[in-house]
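Convention: sequence-line order gives letters A, B, ...; per-chain numbering from 1.
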Amino acid sequence: MSRYNVKETEAKWQKAWHEAGCFAASEASSKPKYYVLEMFPYPSGRIHMGHVRNYTIGDVIARYKRARGFNVLHPMGWDAFGLPAENAAMKRQVHPAQWTAENIAAMRGQLQDMGLSIDWAREIATCQPDYYRHEQKMFLDFLAANLVYRRESWVNWDPVDHTVLANEQVIDGCGWRSGAPVEKRQLAQWFFRITAFSDQLLESLDGLDRWPDKVRVMQSKWIGRSAGARIDFELAGRAAPLEVFTTRPDTLFGASFCALSPHHPLAAELAKDDPALAEFIAACDRLGTSEEAIETAEKQGYDTGLKALHPFAQGQALPVYVANFVLMDYGTGAIFGCPAHDQRDLDFARKYGLPVPPVVLPPGEDPDRFEIGDEAYSGDGTLFNSDFMDGMAVPQAIAAAIARLEAGGAGRGEVLYRLRDWGVSRQRYWGCPIPVIHCPGCGIVPVPEQDLPVVLPDDIALGQAGNPLAHHPTWKQVDCPKCGGAAERDTDTMDTFVDSSWYFARFCSPHAETAMDRAAVDYWLPVDQYIGGIEHAVLHLLYSRFFTRALKQCGYLGLEEPFAGLFTQGMVGHETYRGPDGGWLSPEEVRRAEGGGFETLDGQAVAVGRSEKMSKSKKNTVDPAHIIATYGADTARWFMLSDSPPDRDMEWTDAGVEGAFRFVQRVWRIVNDGLDGLPAVGTPAPERFDVAALALRRTSHKTVEAFTSHLEKFHFNSAVARLYELSNELGGFAAEHDDDRWAQREAFETLVRLAGPMMPHLAEELWQRLGHDTLLVDQPWPVADPALTRDDVLTVAVQVNGKLRATIALPREAEDDTARAAALAEPAVQRALAGKTPRKVIVVRNRIVNVVA
RNA sequence: GCGGGUGUGGCGGAAUUGGUAGACGCGCCAGACUCAAAAUCUGGUUUCCGCAAGGAAGUGGGGGUUCAAGUCCCUCCACCCGCACCA
């Protein structure tokens with residue numbers, strides 16, 4: 001038999017699927033819907049292995065669900081705005097729009113070469129005015145609904161990308177893209193009021209039971225709810241009280257000081273007349289905010305001389321410090337310190353010789369002897385030394401303290417969140433213009449709906465400092481829609497995460513005149529299975545959850561959670577290589593050396609590093625296009641699925657790809673070699689099967705059962721293993737009689753149909769060669785016959801004192817007595833007993849017999 | 001520091017949720033075919049003792065529960081990821 005012609009065959013079936021319109025999705029269907037979505041790519045120019053893994057996983061699910069009788073939506077689009085286009089424009093003198101369009105064209109071709117079951121008629125790109133005009137409308141609707149607002153604020157400024165970053169985009173104090181340390185600047189910014197949904201976003205996490213726990217935990221930490229109380233401490237000799245937030249109002253009688261953040265307005269005010277305090281604040285600022293600085297920084301404070309009056313204990317006055325460990329951007333920027341029950345407060349109190357009165361007694365401790373040493377006690381217990389709270393448990397005391405504060409007008413219960421509103425103004429060109437006009441007379445005026453979209457100007461000068469749109473000679477100049485006077489457009493564009501916060505909804509009705517056709521989104525949403533990288537755990541995945549709620553509030557759609565199921569895939573890594581000079585080498589620049597290991601092409605020693613995520617900087621990338629051109633899409637897809645579980649990081653290896661390629665060839669050969677004399681399609685089953693044929697039939701049906709259940713659980717590597725087993729058995733199967741040939745056809749078809757979602761081209765080709773005039777993609781998923789998946793005779797393990805001594809063949813559901821007798825009759829069992837009488841024999845039916853002596 | 005995860009042959013990884021540890025693949029070894037090689041096919045491959053039959057040990061370390069533990073409990077270690085002076 002000739003070898004399988006990968007190139008021709010893959011192209012042939014891609015064309016056939018396209019011409020038959022197999023993957024076109026429509027709401028007009030009686031089948032249940034299933035929306036499979038992979039995170040859409042940024043059009044950087046070429047697909048990378050991460051894409052291949054992502055889209056392979058998604059495609060397996062999409063094809064499988066289609067076969068299972070679902071009406072599947074599986075679309076693709078482009079997250080097309082963003083900074084790289086501007087950088088490329090400056091570097092190569094191409095317009096960002098052109099650069100993006102060319103990249104999209106190239107990557108679309110590469111994705112199509114993968115043979116994905118995508119409905120390409122739904123393709124969208126976020127940089128098209130037809131897309132972002134709807135985003136502008138949403139912005140205005142959000143504005144009207146008070147979900148968008150503008151304010152002056154300190155922002156995270158990326159000095160390399162020359163733009164503002166959201167809190168979520170600052171990693172370890174550095175910009176998420178540029179890696180440059182972020183600076184603080186004061187700017188007027190547009191904000192999305194994500195905090196309006198803090199509680200909802202947190203509570204609904206519980207219902208997302210098809211999301212990884214990891215992501216839910218990360219989001220819940222990011223939202224950071226803490227329930228407690230806001231307390232007003234009267235300050236002796238001052239009118240305004242000091243506002244403090246605490247989660248432990250129960251420990252108020254243990255308070256021994258108050259502390260302000262160095263950036264607290266009161267600290268700044270006091271510093272005006274107190275040079276020493278001013279110097280202390282300056283010293284705190286110099287310390288920096290890096291991890292090491294925080295970790296090693298000693299608790300330091302400066303006594304302002306102010307006295308805060310205890311809200312409960314008459315006449316008790318607490319010293320007020322400015323302290324370096326109090327953060328201005330959490331709570332009120334001020335705390336009361338309870339050293340006995342908070343470690344930081346304790347460290348501080350010990351340093352400055354402040355009292356440490358304990359007020360929570362751990363269970364079993366003697367109140368007269370209990371003392372705090374070097375460790376604060378933050379656990380549960382019973383209140384003491386606490387007046388009206390004495391004897392209460394902590395939760396009860398918290399409630400009592402809040403009630404007393406509220407009664408006395410000294411504070412109130414409050415819930416605080418770490419989550420901050422989402423600043424979306426970006427001082428960039430290649431993004432969605434913010435549809436707002438600034439009028440000297442009327443202030444902020446929304447662009448009237450009939451004037452949308454506000455389109456980006458084509459002629460733009462990039463590369464100067466500052467905001468490109470602001471530099472444009474005419475673009476920003478408009479008449480005020482309200483008063484008609486001269487006014488200016490907002491020259492910022494929106495964070496590109498806004499674009500990706502609703503694209504999944506646009507896919508439901510990509511050509512609708514409005515942002516989304518209500519019937520279409522009602523039908524398709526939520527996304528049943530979303531697949532992407534873990535890196536968006538709090539960014540994109542939180543923003544999209546917020547956006548969906550905001551869209552619901554504005555009447556766009558009717559649900560809150562956009563993604564019912566989420567799967568986070570692992571990264572694709574590759575070994576790293578370094579040459580004699582220590583520089584990184586790409587896999588093409590090294591070869592296997594004679595005595596093992598690697599060397600450069602001219603024979604120099606190469607240091608092999610461990611597998612790391614593929615990256616240009618480490619030069620350990622492998623180009624998927626090259627792999628697909630060499631081995632075909634089926635091989636690339638098969639390897640992606642076969643080695644590691646999809647949620648774990650995997651290593652791309654040449655040997656692995658070769659192995660996958662061999663299997664593709666092997667399946668082709670096995671089926672083709674068996675075609676001659678195979679019973680025709682639809683031949684009725686023989687009445688009897690001989691032993692060999694029956695065994696093969698059992699394997700086929702067991703494979704269907706096991707493969708399907710692995711697929712349902714995303715255990716693709718285990719599913720793959722079952723196909724290897726089936727093909728191994730088929731490879732050694734000698735068909736002699738008619739019943740053998742019939743069983744052989746059944747096995748061939750099982751192999752081909754199960755392989756369909758994973759290597760669709762080969763499967764389609766073999767389906768045809770098996771004599772079918774239908775398309776495999778239109779076939780229903782095979783069903784296992786229960787009578788053939790259960791063996792009549794089982795192998796049961798026999799242990800003596802927990803150690804395996806023999807295996808016995810028993811009929812299914814054999815009586816315990818039968819099993820016991822058979823086990824004891826085994827010579828190996830008798831030998832192990834060495835004459836001892838069994839004390840007890842445990843029989844687990846169909847599984848194991850354990851003889852205890 | 002807090003939270004989450006991982007730890008099984010030379011390697012990637014299986015193990016029906018407490019019931020034959022190492023499925024399947026890669027690699028390696030041997031054999032067949034071949035003038036030869038590639039490809040392909042067959043067999044072997046946890047470690048140790050043994051020619052073998054067989055035996056012993058074994059899922060990061062230690063302890064425990066159980067007739068039975070990779071799986072449950074306690075404890076320690078290593079690595080990875082996230083958050084981090086959050087009041």
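- We find that CE of A:Met650 is positioned 10 Å from P of B:G13, with the value rounded to whole Å.
- Between B:A39 and B:U47, the distance separating the two P atoms is 26 Å to the nearest Å.
- Annotation: salt bridge (charged side-chain N to carboxylate O under 4.0 Å, His left out) contacts of A:Asp345 (sequence neighbours excluded): none.
- Place A:Ile335 and A:His715 on RNA chain B by their nearest nucleotides, and A:His715 ends up nearer the 5' end.
- Here the separation of B:U59 from B:U20, taken at their P atoms, is 16 Å to the nearest Å.
- Checking B:A87, B:C67, B:G3 against every side-chain atom of A:Asn850, the shortest atom distance belongs to B:C67.
- Glycosidic conformation of B:G13 is anti; the angle lies outside 90° of 0.
- One finds no side-chain N or O of A:Arg666 lying less than 4.0 angstrom from the OP1 or OP2 phosphate oxygen of B:A39.
- Between B:C76 and B:U42, the two C1' atoms lie 48 Å apart (nearest whole Å).
- For B:U40, the paired nucleotide is B:A32, the pair qualifying as Watson-Crick or G-U wobble because both relevant distances are below 3.5 Å.
- Taking the six-membered ring for Trp and thresholds of 30 and 60 degrees, A:Phe233 and A:Phe336 have ring planes inclined between 30 and 60 degrees apart.
- Using N1 to N3 plus N6-O4 or O6-N4 for Watson-Crick, or N1-O2 and O6-N3 for G-U wobble, each under 3.5 Å, B:A69 pairs with nothing.
- When heavy atoms are screened at a 4.0 angstrom cut-off, A:Arg839 is found touching no nucleic acid atom at all.
- Under the Watson-Crick or G-U wobble criterion, with both distances below 3.5 Å, B:G18 is left unpaired in every strand shown.
- Between the side chains of A:Asn717 and A:Ser642, no donor-acceptor pair is found at a separation under 3.5 Å.
- The nucleotide whose nearest atom lies closest to any side-chain atom of A:Arg669 is, among B:C83, B:C85, B:U40, B:U40.
- Between A:Tyr377 and A:His341, the ring planes are perpendicular. Angles over 60° get that label, and only those under 30° would be called parallel.
- Within 4.0 Å (heavy atoms only), A:Val326 reaches at least one base atom of the nucleic acid.
- Base pairing analysis places B:G3 opposite B:C81; the two distances defining the Watson-Crick or G-U wobble pair are each below 3.5 Å.
- As rounded to whole Å, 11 Å separates atom C1' of B:A14 from atom CZ of A:Arg648.
- OP1 or OP2 of B:C86 has not a single side-chain nitrogen or oxygen of A:Thr247 nearer than 4.0 Å.
- In this structure, A:Glu375 places its CD atom 12 Å from C1' of B:G1, rounding to the nearest Å.
- To the nearest angstrom, C1' of B:G4 lies 14 Å from CG of A:Asp647.
- Residue pairs satisfying the salt bridge (Lys or Arg N to Asp or Glu O under 4.0 Å) criterion with at least one member in residues 639-653 of chain A, sequence neighbours excluded, are absent.
- Residue A:Val852 is classed as a sugar-phosphate contact, given heavy-atom separations below 4.0 Å to backbone atoms only.
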Residues 801-824 of chain A, side-chain donor-acceptor partners within the protein, below 3.5 Å, at least two apart:
residue  : atom : partner  : partner atom : Å
A:Asn801 : OD1  : A:Ala853 : N            : 2.9
A:Arg812 : NE   : A:Asp791 : O            : 2.8
A:Glu813 : OE2  : A:Asn846 : ND2          : 2.9
A:Asp816 : OD1  : A:Arg845 : NE           : 3.4
A:Asp816 : OD1  : A:Arg845 : NH2          : 3.4
A:Asp817 : OD1  : A:Arg820 : NH1          : 2.6

Just distance, no hydrogens or angles: give the donor-acceptor pairs under 3.5 Å from side chains in residues 242-266 of chain A, sequence neighbours left out.
residue  : atom : partner  : partner atom : Å
A:Glu243 : OE1  : A:Arg230 : NH1          : 2.9
A:Glu243 : OE2  : A:Arg230 : NH1          : 3.3
A:Thr246 : OG1  : A:Arg248 : N            : 2.9
A:Arg248 : NE   : A:Asp250 : OD1          : 3.0
A:Arg248 : NE   : A:Asp250 : OD2          : 3.3
A:Arg248 : NH2  : A:Asp250 : OD2          : 3.1
A:Thr251 : OG1  : A:Arg248 : O            : 2.8
A:Ser256 : OG   : A:Pro355 : O            : 3.1
A:Ser261 : OG   : A:His263 : N            : 3.1
A:Ser261 : OG   : A:Val326 : O            : 3.2
A:Ser261 : OG   : A:Met328 : N            : 3.4
A:His263 : NE2  : A:Asp285 : OD1          : 2.8
A:His264 : ND1  : A:Leu266 : N            : 3.1

TODO: Take nucleotides 20-29 of chain B nucleotide by nucleotide from the 5' end and write B, S or -, depending on whether a protein heavy atom sits under 4.0 Å from the base, only from the sugar-phosphate, or from neither.
DONE: B--BSSSS--
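- Under the Watson-Crick or G-U wobble criterion, with both distances below 3.5 Å, B:A57 is paired with B:U46.
- Evaluation of the salt bridge (charged side-chain N to carboxylate O under 4.0 Å, His left out) rule for A:Glu729 yields no partner, not counting sequence neighbours.
- Comparing B:G10 with B:G22, their C1' atoms are spaced 14 Å from each other, to the whole Å.
- The separation of B:C79 from B:C74, taken at their C1' atoms, amounts to 22 Å, rounded to a whole angstrom.
- One interatomic measurement links the two molecules: CG of A:Asn324 to C1' of B:C85, which rounds to 8 Å at whole-angstrom precision.
- Legend: residues meeting side chain to side chain donor-acceptor pair (under 3.5 Å) with A:Ser709, ordered by chain and number and at least two apart, are absent.
- What separates NZ of A:Lys840 from C1' of B:A68 is a distance of 11 Å, to the nearest Å.
- The gap from the P atom of B:G31 to that of B:A14 amounts to 34 Å, rounded to the nearest Å.
- For A:Arg225 (side chain) and A:Tyr417 (main-chain N/O), no donor-acceptor pair under 3.5 Å exists by modelled atom type.
- Side chain of A:Tyr352 to main chain of A:Gly301: a donor-acceptor pair is present (N/O by atom type, distance under 3.5 Å, no hydrogens or angles).
- With B:A87, B:C85, B:C81 as the candidates, the nucleotide lying closest to the side chain of A:Ser226 is B:A87.
- Rounded to an integer number of Å, the gap from A:Leu205 CG to B:G4 P is 16 Å.
- Listed by chain and number, the residues in a side chain to side chain donor-acceptor pair (under 3.5 Å) with A:Glu705 amount to none (sequence neighbours excluded).
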Task: Per-nucleotide protein contact string for nucleotides 45-58 of chain B (B base, S sugar-phosphate only, - none; heavy atom under 4.0 Å) - done: ---------SSSS-
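- The distance between atom NZ of A:Lys299 and atom C1' of B:A87, rounded to the nearest whole Å, is 12 Å.
- Across B:A87, B:C83, B:C81, the shortest atom-to-atom separation from the side chain of A:Arg418 is found for B:C83.
- To the nearest whole angstrom, the two P atoms, one in B:G70 and one in B:A78, are 24 Å apart.
- Comparing the C1' positions of B:G64 and B:A87 gives an interatomic distance of 41 Å, to the nearest angstrom.
- Partner assigned to B:A52 is none, using Watson-Crick or G-U wobble distances below 3.5 angstrom.
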